[in-house]
S.K.: 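Before we start, here is the structure in question, set down as structure tokens.
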Amino acid sequence: MQPVDELTISAVSLYRYHISLNPTLPVAKQRIDHRKGALIVVTLTDEQQHKQQAWVEISPLSGIDTEGLPIEGFSQESLDDVIASLSHSAALLINKSPNELTALAATSPLPSVAFGLSLLHAKITHHLPCRIDNPHNQSATVPLVYVGMSEQQLQAKLLQNGTINSVKVKVAQTTMEQEIAFIYRVFELAPQVSLRLDANRGFSLEQAIDFLACLPKDKIEYIEEPCINPADNPEVYLQLGLRYALDESLNSPAFDVVNAIKQQPGIGALIIKPMLLGSLAGLQRMIESAHSNGVRCILSSSLESDIGINDLRLVSQALTPNETPGLDTLSAFRQTLQLTTPTSTQLNQRALSLIIHAGEENKATNSL
Ligand SMILES: O=C(O)CCC(=O)c1ccccc1C(=O)O
């Protein structure tokens with residue numbers, strides 16, 4: 001592929017998708033049974049008039065849960081906000097250099113758009129790896145498990161082929177007895193694993209301490225957002241010596257990595273959901289600050305479709321090459337947006353509806 005300064009954006013298409021989920025997926029304490037999102041596809045033309053396409057998913061995590069209530073605590077923007085913003089940008093991008101994507105990403109007030117456009121630029125300019133070549137941690141998976149799964153589902157998750165070093169367990173959802181028994185069943189099936197517990201701010205301080213005291217300390221990597229009141233989290237660390245991770249806390253516009261780490265003893269990791277946080281450049285700065293203060297960063301899904309999840313694996317390889325990302329949310333999706341054969345990758349037009357097209361008519365092209 002030619003250097004980026006020889007490429008021009010000659011067409012932009014914007015699509016939306018709506019995919020059913022089965023089983024439902026947890027979004028903190030809520031559940032969703034479908035996922036909606038957008039896909040932006042650009043056609044690039046070089047000086048010899050060769051054409052290629054590149055695409056990214058842009059899917060804010062907002063909308064309606066299974067009870068008909070709005071999803072709280074994740075993206076502030078709606079899918080309609082994203083579509084309005086991208087529809088406006090599409091026309092502006094025609095005949096421009098792909099570098100214009102970075103400029104738009106840097107000025108967008110919508111974190112999902114900022115992330116998506118910066119990612120599209122990184123894919124076009126080959127700033128993302130094309131394949132995973134750090135298999136020890138990047139091709140390993142972290143299965144997501146919780147009370148309520150059948151024994152068969154649990155075994156399918158834990159006994160799959162491939163490397164499982166860690167398991168993410170949703171806790172603070174049912175009774176302590178059930179959850180402790182479930183975790184010991186996980187250890188029976190997969191004795192080698194360590195735990196990434198996720199309480200989604202579900203425990204009082206006393207409950208968090210009672211719960212964690214029932215588990216082997218050396219098998220716990222961290223517990224995400226243990227306490228209803230996040231100001232209690234350091235006490236968990238001070239009393240038990242167990243580190244906690246921040247997830248929901250990163251969504252607050254006032255969140256500052258260095259301040260948080262200085263003021264709250266015991267932060268072991270940040271759970272980074274790029275779709276909620278903004279541009280790759282901003283994520284890279286956040287990760288560098290955390291690492292220089294001894295805090296791990298784990299990339300995690302915001303329940304994207306196959307396109308978003310595949311890209312997050314590459315972003316994880318680029319930004320956190322020594323960590324296994326938390327991406328085990330795709331198996332519930334009843335459709336994929338990409339159709340991949342050994343020789344090509346195409347969009348699944350049956351799962352997509354075109355919203356707008358700007359620029360030249362689409363002709364057959366190769367995808368990046
Ligand atoms: O991090 C993972 O492994 C899976 C992602 C996940 O749990 C999640 C995904 C989207 C929104 C909320 C959550 C959550 O932490 O509950």
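All ligand and atom numbering here is 1-based and tracks the order in the structure. These numbers come from the heavy atoms of this one structure, side chains and all, not from hydrogens, waters or symmetry mates.
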S.K.: In the hydrophobic cluster built from side-chain contacts under 4.5 Å, what are the other members alongside I298?
M.R.: Y222, I271
S.K.: Pairs under 3.5 Å, N/O atoms on ligand 1 and on the protein: can you put them in a table with the distances?
M.R.:
{"residue": "ligand 1", "atom": "1 (O)", "partner": "K168", "partner atom": "NZ", "Å": "2.9"}
{"residue": "ligand 1", "atom": "1 (O)", "partner": "S300", "partner atom": "OG", "Å": "2.8"}
{"residue": "ligand 1", "atom": "7 (O)", "partner": "K168", "partner atom": "NZ", "Å": "3.2"}
{"residue": "ligand 1", "atom": "15 (O)", "partner": "K170", "partner atom": "NZ", "Å": "3.4"}
{"residue": "ligand 1", "atom": "15 (O)", "partner": "D198", "partner atom": "OD2", "Å": "3.0"}
{"residue": "ligand 1", "atom": "15 (O)", "partner": "D247", "partner atom": "OD2", "Å": "3.3"}
{"residue": "ligand 1", "atom": "16 (O)", "partner": "A28", "partner atom": "N", "Å": "3.1"}
{"residue": "ligand 1", "atom": "16 (O)", "partner": "K170", "partner atom": "NZ", "Å": "2.2"}
{"residue": "ligand 1", "atom": "16 (O)", "partner": "N200", "partner atom": "ND2", "Å": "3.4"}

S.K.: Could I get the full list of side chain to side chain contact (heavy atoms under 4.5 Å, CB included) partners for R334, not counting sequence neighbours?
M.R.: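 Residues passing side chain to side chain contact (heavy atoms under 4.5 Å, CB included) with R334: S20, N22.
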S.K.: Under 3.5 Å, is there a donor-acceptor pair linking the side chains of S194 and E221?
M.R.: yes
S.K.: If we count only N and O atoms by modelled type, under 3.5 Å, do the side chains of E360 and S10 hold a donor and an acceptor together?
M.R.: yes
S.K.: Cut-off 3.5 Å, side chains only: do S78 and D81 have a donor facing an acceptor?
M.R.: yes
S.K.: Filter on ring pair (Phe, Tyr, Trp, His ring centres under 6.0 Å), then keep only pairs touching residues 155-185, sequence neighbours left out; what's left?
M.R.: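 Non-adjacent pairs meeting ring pair (Phe, Tyr, Trp, His ring centres under 6.0 Å): Y184-F187.
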